[in-house]
2 protein chains.
Amino acid sequence: MSRYSYSQLLTDGSAMKKTQEELKANILTALAHPNRIRILESLKNGVKCNCEIAPELDLEQSNLSRHLKILVQEGILVSWKEGLRVNYKVADKRIFDILAISGDVARKQAEARIEVLEEA
Amino acid sequence: MSRYSYSQLLTDGSAMKKTQEELKANILTALAHPNRIRILESLKNGVKCNCEIAPELDLEQSNLSRHLKILVQEGILVSWKEGLRVNYKVADKRIFDILAISGDVARKQAEARIEVLEEA
DNA sequence: TGACTATATGAGTATCTACTCATATAACGT
DNA sequence: ACGTTATATGAGTAGATACTCATATAGTCA
């Protein structure tokens, strides 16, 4: 069994055939970081550039740039140049459904833990 | 900015207050591995134990055990003992909605790439 | 052209992750 | 109790990730 690597699968675009599970895992890996989730929520209602998001979320410029790159590579964000800036917007609103369900599942899990505590 | 760590947040249950984004990221991180996605698909229609899943998915026993632990810790799977075995089932079917949307987004992104190639 | 702004990327680093092998634990049947 | 089966966990490792700082690139405007 070779180890699953997210970025290798990304950059290797050429070579390997990816399984359904790997394709899904790539999308989910791209979503699975609090700062990337914050970025998406910040872009929920509009278009923004790196220079607007950075101060809003208090993220270092180059770090933000790499987070944005990951989201674009997975097709979660779309970007285009406009003068000096690079604008970003969410490509597919269903991403927010994933985030909403994740929140529900997290909440439900927290409730289940409380129930276990109360039983004792 | 301190680095986001999945497992620290998991095991630290006691101490830190977690943001909404961290809670969502935890769920998504737990889902973001091809083998864990395969495990969930294998459990889609029923209850199974480690010893049934391992040969089916060709996963080494201890590796599978750790993957299952991650899914249980996040509340994605529920487990209970039955004699020697530990049975697992999916706690919340909405997990499959997340997987389905991820698949759709991945497919859509692949289609977009093909379009770009055809434009040129 | 030169100064300035916005973004991307190279290099270095601490930490994390998935994996394997070996061993421990727990529950069963005899 | 003893051997067997199912699962969990310790230790070690290769390689991946998020982050920072410094630098490169690219577009703007005087």
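Labels below follow one simple rule: chain letters A, B, ... track the order of the sequence lines, proteins then strands, and each chain is numbered from 1.
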Contacts under 3.5 Å, N or O only, protein and nucleotides 22-30 of chain C:
none

> Which dot-bracket string describes DNA chain D (Watson-Crick N1-N3 plus N6-O4 or O6-N4, or G-U N1-O2 and O6-N3, all under 3.5 Å; [ ] crossing; | other strand)?
Replying inline: ||||||||||||||||||||||||||||||

> With no angle test and no hydrogens, is the base of D/dT5 tied to the side chain of B/Arg85 by a donor-acceptor pair under 3.5 Å?
Replying inline: no

> Can you check side-chain contact (heavy atoms from CB on, under 4.5 Å) on A/Ile76 and A/Ile70, steps first, answer last?
Replying inline: CA-CA 9 Å; A/Ile76 295 167; A/Ile70 288 169; over 6 Å; no

> Given atom CG of B/Asn63 and atom P of D/dT9, what is their separation to the nearest angstrom?
Replying inline: 15 Å

> Between A/Lys108 and B/Arg94, is any pair of side-chain heavy atoms under 4.5 Å apart?
Replying inline: yes

> Counting side-chain heavy atoms from CB outward, which of D/dG15, D/dT20, C/dT7 is closest to A/Ser65?
Replying inline: C/dT7

> What is the distance, rounded to the nearest whole Å, between atom CG of B/Leu68 and atom C1' of C/dC19?
Replying inline: 15 Å

> Which value, rounded to the nearest 0.5 Å, describes the distance between B/Glu41 atom CD and B/Lys44 atom NZ?
Replying inline: 7.0 Å

>> With a 4.5 Å cut-off on side-chain heavy atoms, are B/Val105 and B/Ile101 touching?
In response: yes

> Taking only N and O in the side chain of B/His67, is any of them less than 4.0 Å away from OP1 or OP2 of C/dC19?
Replying inline: yes

>> Taking B/Glu56 first and then B/Arg38, would you say they form a salt bridge - that is, a charged N and a carboxylate O separated by under 4.0 Å?
In response: no

>> Without decimals, in angstroms, what is the distance between A/His33 NE2 and C/dT15 C1'?
In response: 12 Å

> From the list C/dC19, D/dC19, C/dA8, which nucleotide is the closest neighbour of the side chain of A/Asn35?
Replying inline: D/dC19

> What is the distance, rounded to the nearest whole Å, between atom CG of B/Leu77 and atom P of D/dT7?
Replying inline: 14 Å

>> Can you list, in residue-number order, the parts of residues 46-53 of chain A that come under 4.0 Å of DNA chain C, counting heavy atoms only?
In response: A/Cys49, A/Asn50, A/Cys51

> Going from CD1 on A/Ile39 to CD on B/Glu21, what distance comes out if it is rounded to the nearest 0.5 angstrom?
Replying inline: 11.0 Å

